[in-house]
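Shown next, in structure tokens, is the structure this report addresses.
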Amino acid sequence: MKSFYSLALGTCAAAALFAGGASASTIYTNGPANGNVQAYTINFGWQVADSFTAASGSTATSMSFETWAADSLSTDVPQTVDWEITNGNPLSGGAFTVVDSGTATAITATALGTNVRDVELFSDSISLPNVALTCSSNCWISLDNGVTADGQPMYWDGNNGPSDAWQNNDIGDLSTGCADNFSGGGSCSETFTIFGTLASGTPEPATWALMLTGFAGLGAALRARRKLAAA
């Protein structure tokens, strides 16, 4: 009898473990990636910041973004970049506090081919150290000091996503429009997605499925026990 209870408890525990892992998801996305609108330098003293929102209690674990190289060579691979998450806009001159910051020393970069301006595009991802997003409705992610394998400029892909974007130069607020000859202009923000754990009181569908699997295992164990008792 003890073995049946152990089996049932083990099944439920496994379901709970997988349910906990299933909570990691997309916290915020500012897309889609375009690759042809505009891009803004994030090295040689240039910094770009974008706004995003996060449910209270969320934790950021990684980020993806798209960059342009300085030319059509796929050897201009992004290698490292400084990142900073703040509560408030760090480039507008107003008050803000730093939530967390660091240097991503191992960018995972995938070459996507060249765009209409004959420069190489890269899909990049970096890890974040479980950043507790206390900024909630006023979060900003900024990138600067980007380094490529060839020591060339690194440009953060601009699109017409919902995020507000700023650069630390005379342009300032990038949402006033893209200086672009291909899409006819429009509001500018950068391509990025924040991943991590969403704080939520309601289990996701995958979580419900795993919990039901656990209960099914418990039911099977009890039925088997009854059969043995009847025999």
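Residue numbers run from 1 in the order of the sequence given. The structure presented is a predicted model; accordingly, all values stated were derived computationally and were not measured.
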Pick from N43, L143, V147, T80: which one makes a side-chain contact (heavy atoms from CB on, under 4.5 Å) with M154? N43
Do F192 and S163 come close enough that some side-chain heavy atom pair is under 4.5 Å? yes
Taking the side chain as everything from C-beta on, heavy atoms only, tell me whether T26 gets closer than 4.5 Å to F195. yes
Min side-chain heavy-atom separation D50-E190 under 4.5 Å: yes
Euclidean distance, Q38 CD relative to N160 CG, rounded to 0.5 Å: 11.0 Å
Where do A69 and D76 come nearest, in terms of heavy atoms and distance? CB-CB, 3.6 Å
For F44 and W46, the nearest pair of non-hydrogen atoms, with its separation, is O-CD1, 3.2 Å
With disulfide (SG to SG under 2.5 Å) as the rule and sequence neighbours excluded, what pairs involving residues 88-142 come up? C135-C139
State whether the side chain of N34 and the backbone N or O of G158 hold a donor-acceptor pair below 3.5 Å, judged by distance alone. no
State, yes or no, whether a side-chain contact exists between N168 and W166 at a heavy-atom distance under 4.5 Å. no
Flag, side chain of S189 to backbone of D164, donor-acceptor distance under 3.5 Å: no
The reported gap from CG in D144 to CH2 in W83 (rounded to nearest 0.5 angstrom) is 12.0 Å
Can you tell me how far the OG1 atom of T148 sits from the CD atom of E120, to the nearest 0.5 Å? 12.5 Å
Nearest heavy-atom pair of Q47 and S142: which atoms, and what distance? NE2-OG, 3.1 Å
Would a distance-only check, ignoring hydrogens and angles, find a side-chain to backbone donor-acceptor pair under 3.5 Å from N87 to S136? no
List the atom pairs, donor and acceptor, that lie under 3.5 Å between side-chain atoms in residues 95-114 and the rest of the protein, sequence neighbours left out.
unit_1 : atom_1 : unit_2 : atom_2 : d
T103   : OG1    : D82    : OD1    : 2.6

Distance, nearest 0.5 Å, that separates CG of L198 from OG of S25: 3.5 Å
Linked, directly or transitively: V77 and I126 (ILVMFWY side chains, under 4.5 Å): no
From CG (N89) to CG (N138), nearest 0.5 Å: 8.0 Å
Please report the closest heavy-atom contact between P162 and Y28, naming both atoms and the distance. CG-OH, 3.7 Å
Does the side chain of F65 come within less than 4.5 Å of W156's, by heavy atoms? yes
Counting distance only, does the side-chain N/O of W68 pair as donor-acceptor with the main-chain N or O of D157 below 3.5 Å? no
If Ile, Leu, Val, Met, Phe, Trp and Tyr residues are connected whenever their side-chain heavy atoms lie under 4.5 Å apart, and connections chain through other members, are V81 and I85 in the same group? yes
For N159 and G31 the tightest heavy-atom approach is ND2-CA, 3.6 Å
Are I141 and F52 side-chain neighbours, meaning at least one heavy-atom pair lies under 4.5 Å? yes
Spacing of I194 atom CD1 and N30 atom CG [to the nearest 0.5 Å]: 10.0 Å
Taking all atoms of both residues into account, what is the closest heavy-atom pair of P90 and E84, and its distance? CB-OE1, 4.4 Å
List the residues meeting ring-ring contact (aromatic ring centres under 6.0 Å, His included) with F122, not counting sequence neighbours, and say none if there are none. none
